[in-house]
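When reading the values below, keep in mind they use all heavy atoms of this one structure, side chains included, and skip hydrogens, waters and symmetry mates.
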Amino acid sequence: MKSCAFFGHRKGEYSQEERILFEVLKRLIERYQVFQFYIGARGDFDWLATALLSELRKQYPFVKLTKVLSYIPKEKEQSQPQYFDDSIYLLERKVPPRFCILETNKMLVDKVDFVISGIKYCGGGARKAVEYAERKKKVIIDVCKGTEDNFIKELLS
């Protein structure tokens, strides 16, 4: 089973990317058998991806959504939101709290086949994760570039 992760900004306007992201997700499921999606659920881009995948699961009920945890949740936070099938904590060693998200993102990139980028501006952990994915030669789909992204151009043809 192939898998995909999302990296975007905590705060951002993604209404222009919504339709393209929906089509990309649908094609990844249909053409590439990507059935496992990992979502950090920490920002606007993550929640857009979650909403779109929740809609697609009506047509593709075998698709699995996993919430990626950067911190071990406190007892009162352990319930899983309705959108996710499960959650995963990837850190295998103790990491200072300020580096937990960065280290989790690296481990997530190592785990997946595809990375969907919702990066609109420089800086931040999402940009670092996508740069790491580039160094690891992962397939990166940049929905902010729209049909200027070669993979999207091919995927939507």
Extract all donor-acceptor atom pairs below 3.5 Å that involve side chains of residues 148-156 and protein atoms in other chains or at least two apart in sequence.
{"from": "Asp149", "atom 1": "OD1", "to": "Phe151", "atom 2": "N", "distance (Å)": "2.9"}
{"from": "Asp149", "atom 1": "OD1", "to": "Ile152", "atom 2": "N", "distance (Å)": "3.0"}
{"from": "Asp149", "atom 1": "OD2", "to": "Asp142", "atom 2": "N", "distance (Å)": "3.0"}

When every non-hydrogen atom of Cys100 is compared with those of Tyr71, the smallest separation belongs to CB-CE2, 3.5 Å

Value rounded to 0.5 Å, distance of SG in Cys144 from CD1 in Ile116: 11.0 Å

Not counting sequence neighbours, which residues clear side chain to side chain contact (heavy atoms under 4.5 Å, CB included) with Ala133? List them please. Val109, Val115, Lys138, Ile140

CZ-OG1 distance between Phe84 and Thr66, expressed to the nearest 0.5 angstrom: 9.0 Å

Would Phe99 end up clustered with Ile101 when hydrophobic side chains under 4.5 Å apart are linked, directly or stepwise? no

Across all chains, not counting sequence neighbours, the side chain to side chain donor-acceptor pair (under 3.5 Å) partners of Lys111 are none

For Phe114 against Lys2, the heavy-atom pair lying closest together: CE1-CD, 4.1 Å

Among residues two or more places apart or on two chains, list those pairs meeting salt bridge (Lys or Arg N to Asp or Glu O under 4.0 Å) that have a residue in residues 39-51. none

Going from OG on Ser70 to CG on Leu102, what distance comes out if it is rounded to the nearest 0.5 angstrom? 9.0 Å

If I take atom CG from residue Leu56 and atom CG from residue Leu25, how far apart are they, to the nearest 0.5 angstrom? 6.0 Å

Which heavy atom of Val112 sits nearest to which heavy atom of Cys4, and what is that distance? CG1-C, 3.9 Å

Salt bridge (Lys or Arg N to Asp or Glu O under 4.0 Å): pairs with one or both residues in residues 117-132, sequence neighbours excluded: Glu17-Lys120

Would you say Phe22 ends up clustered with Leu48 if hydrophobic residues are merged whenever their side chains have heavy atoms under 4.5 Å apart, either directly or through other cluster members? yes

Would you say Ile39 and Ile141 are hydrophobically clustered, going by side-chain heavy atoms of ILVMFWY under 4.5 Å? yes

Holding to side chain to side chain donor-acceptor pair (under 3.5 Å), I want the full list of residues that pass it with Glu23, two or more places apart in sequence or in another chain. Arg27

Look at atom CZ of Arg31 and say whether more than 12 heavy atoms of other residues, nucleotides or ligands are closer to it than 6.0 Å. yes

Pairwise salt bridge (Lys or Arg N to Asp or Glu O under 4.0 Å) hits with a residue in residues 51-60, at least two apart: Glu55-Lys58, Arg57-Asp85

With sequence neighbours excluded, what pairs up with Asp110 under the side chain to side chain contact (heavy atoms under 4.5 Å, CB included) test? Tyr132, Lys136

List for me each residue that meets side chain to side chain donor-acceptor pair (under 3.5 Å) alongside Arg93, sequence neighbours excluded, and say none if there are none. Glu103

Applying ring pair (Phe, Tyr, Trp, His ring centres under 6.0 Å), can you list everything that pairs with Phe37, at least two apart in sequence or on another chain? none

Taking every heavy atom of Asn105 against every heavy atom of Gly125, the minimum-distance pair comes out as ND2-O, 3.9 Å

What about Tyr38 and Ile119, same hydrophobic cluster or not, with Ile/Leu/Val/Met/Phe/Trp/Tyr joined at side-chain heavy-atom distances under 4.5 Å? yes

pair Ser3-Asp113: side-chain heavy atoms closer than 4.5 Å: yes

What do the steps show when you test Thr104 against Val68 for side chain to side chain contact (heavy atoms under 4.5 Å, CB included), and what is the final call? CA-CA 8 Å; Thr104 297; Val68 179; 3.5 Å; yes

Non-hydrogen atoms of Gly8 and Ala126 that approach each other most closely: O-CB, 3.3 Å

Looking at CZ of Phe6 and CG of Leu108, how far apart are the two atoms once the value is rounded to the nearest 0.5 Å? 10.0 Å

In terms of heavy-atom contacts, Phe7 and Val130 come closest through CB-CG2, 4.0 Å

Identify, with sequence neighbours excluded, every residue that meets side chain to side chain donor-acceptor pair (under 3.5 Å) alongside Glu134. none

To the nearest 0.5 Å, atom OH of Tyr83 lies from atom CG of Leu53 at 12.5 Å

Check for me, please, whether Trp47 and Leu65 land in the same ILVMFWY cluster - side-chain distances under 4.5 Å, paths through other members count. yes

